[in-house]
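First comes the structure, then the notes that go with it.
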Amino acid sequence: MKAKFDKSGVLGGNYDSCALDFEAAHQALLKEVRNAGYREGFEAGRAYEREEAGE
């Protein structure tokens, strides 16, 4: 396994690159949670429409 160095020569990266990695992961998590919420709402709306059409 090859060691990963950033531009500053610090093994494993420096504080700034870690902060950017954390921010990217945080944004990806928020996007996934938001999409899950939209998906659940969409499915609930479809179920409601089916119930209304059947009555």
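Any value given below was found using the heavy atoms of this structure, including those in side chains, with hydrogens, waters and symmetry copies removed.
A distance of 15.0 Å separates NE2 of His26 from NZ of Lys31, quoted to the nearest 0.5 Å. Taking CZ of Phe22 as the start and CD of Gln27 as the end, the distance is 10.0 Å to the nearest 0.5 Å. In this structure, CD in Glu32 is found 6.0 Å from CZ in Arg39, a value given to the nearest 0.5 Å. Note: Glu40 CD to Asn35 CG = 11.5 Å, rounded to the nearest 0.5 Å. How far OH of Tyr48 is from CD of Glu52: 3.5 Å, rounded to the nearest 0.5 Å.
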